[in-house]
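For reference, the structure discussed in these notes is given below.
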Amino acid sequence: MAAHSSTGARQLAFILDIDGCLSNEGVPIAGSKEALHKLQSLQIPFVVCTNGGGQLESTRAAKLSKTFDMTISPDQVILSHTPLRSEVVPRLKDHRVLFVGEHCGEVARAYGLTKAEGVREYGRRHPSLFPRRREEDAIQIDDADDPVKAILFFEDPEDLGEALQLCLDVLLTNGNPSGPRVLIDEEDAKQDVEVWFTNPDIVYSGLAKHPRLTQGSYRLCLETVYHSATSSTSTSYYSSKKSSTTNKGRTLHATTVGKPTPLTGKTALSKLLDQCPPNTTEQDLEIWTVGDNPFSDVALAHTMGWNSALVRTGIWNGDVLDLEKEGVRPTKVEDCFPLVAKGLLSE
């Protein structure tokens, strides 16, 4: 890998957001294609890192390669759920897991989750859980001997109502909706089902005039209904077996990956180092995160101790002073990614 540094000894390296930085819903932002080609021609390590998902890294790499008329390797693509490959799959590959996200079965099974089921698929095996989709010849199945061990949010749900209902049923019964609601009926019961979200963002920038809701907002929904259902103030869910003791409701135990979490940062760093000469370390790199979301892209740099460039081509186009009042301090602010690349390459 050829070395190019804006500070002399350290190798420049980039972690680039996609939507709102390189493109908007698949349409390249002016100058981004040329800037990427420049990085590639100079052999500067870079990865694209997005809080979007729902497909394999190889699929997204092929789309990006076509969009930007260049070769982008699957190893240069970090999707929201990429960290699950190392954090979840080794432990749960042979256990039943429920995943959320339309058409994500291919992704889950390609990752090695041999018993993964999507919300719609799981609902067919448990037709009473969401009657709107019940099939006449469906047979109710008891999963007592093979309960769901984890709920994995790979992408936004196809049907939020259905996803919330089935996830809540799985959680309250510790993996077997045909069994008792142990987290309501038993005060000392613990949540056995792991929950993994892969995108903390509340909104994202698309072609619409205003931001669109995404996975972080659906986490808030599940947390709220879970807390309410396990509270003694719930008139619908709370068990009649309970004592008169007031229960304020349970807090959902869940793990989130995606920007700006350390797990995603470590995944990005690993993929950057794979593009460098042997024995290269993080200290040898001058890493820049570039993106349009101060609370995702800039925050990732803060989390990992890197540099950040905030651009105005996506969700953010505000006043830097307002960000600083919230403790968000990008290393630099530019109108677009091409200007960031031009400035750093000329230093």
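Just so you know, residue 1 is the first one in the sequence shown, and it goes up from there. Only a predicted model underlies this, so the values are computations on that prediction, with no experimental measurement involved.
- Ser32 places a side-chain N or O within donor-acceptor distance of the main-chain N or O of Leu22, the cut-off being under 3.5 Å.
- When the options Asp19, Asn199, Asp17 are evaluated for a side-chain contact (heavy atoms from CB on, under 4.5 Å) with Asn51, the one that passes is Asn199.
- When side chains are defined from C-beta on, Ile44 does not count as touching Gln275, because their heavy atoms never get closer than 4.5 Å.
- Taken together through direct or relayed side-chain contacts under 4.5 Å among Ile, Leu, Val, Met, Phe, Trp and Tyr, Val290 and Ile18 form part of one hydrophobic cluster.
- At distances below 3.5 Å, at least one donor-acceptor pair connects side-chain atoms of Gln40 with backbone N or O atoms of Thr71.
- Applying the salt bridge (Lys or Arg N to Asp or Glu O under 4.0 Å) criterion to Asp146, with sequence neighbours excluded, gives Arg96, Lys115.
- For Arg91, the side-chain hydrogen bond (donor to acceptor under 3.5 Å, both in side chains) partners at least two apart in sequence or on another chain are Glu194.
- In this structure, His81 and Phe154 have tilted ring planes: the angle between them lies in the 30° to 60° band.
- Side chains of Asp143 and Asn176: a donor-acceptor N/O pair is absent below 3.5 angstrom, by distance only.
- The side-chain hydrogen bond (donor to acceptor under 3.5 Å, both in side chains) pairs that include a residue from residues 308-322 are Arg312-Asn317, where partners are two or more places apart or lie in different chains.
- Judged as a side-chain hydrogen bond (donor to acceptor under 3.5 Å, both in side chains), the pairs with a partner in residues 56-70 (not counting sequence neighbours) are, in order, Gln55-Lys63, Glu57-Thr82, Glu57-Arg85, Glu57-Tyr111.
- Judged purely by atom type and a 3.5 angstrom limit, Ser23 has no side-chain atom pairing as donor or acceptor with the backbone of Glu25.
- The CG atom of Leu166 sits 5.0 Å away from atom CG of Leu129, with the distance rounded to the nearest 0.5 Å.
- Checking Ser80 against Gln215 by side-chain atom types alone, no donor-acceptor pair falls below 3.5 Å.
- One finds a salt bridge joining Arg109 and Glu121 here, because a Lys/Arg side-chain nitrogen approaches an Asp/Glu carboxylate oxygen to under 4.0 Å.
- Counting only N and O atoms by type, the side chains of Thr256 and Arg219 include a donor and acceptor under 3.5 Å apart.
- The main-chain N or O of Thr267 is never found under 3.5 Å from a side-chain atom of Ser270 such that the two would form a donor-acceptor pair.
- Checked against salt bridge (Lys or Arg N to Asp or Glu O under 4.0 Å), Glu102 has no partners two or more places apart in sequence or in another chain.
- Crowding of His37 atom NE2: a count of heavy atoms from other residues, nucleotides or ligands under 6.0 Å exceeding 12.
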Pair up each side-chain donor or acceptor in residues 292-299 with any protein partner under 3.5 Å, not counting sequence neighbours, and list the distances.
residue, atom, partner, partner atom, Å
Asp292, OD2, Ile315, N, 2.7
Asn293, OD1, Phe295, N, 2.9
Asn293, OD1, Ser296, N, 3.4
Asp297, OD1, Lys259, NZ, 2.6
Asp297, OD2, Asp292, N, 3.2
Asp297, OD2, Asn293, N, 3.1

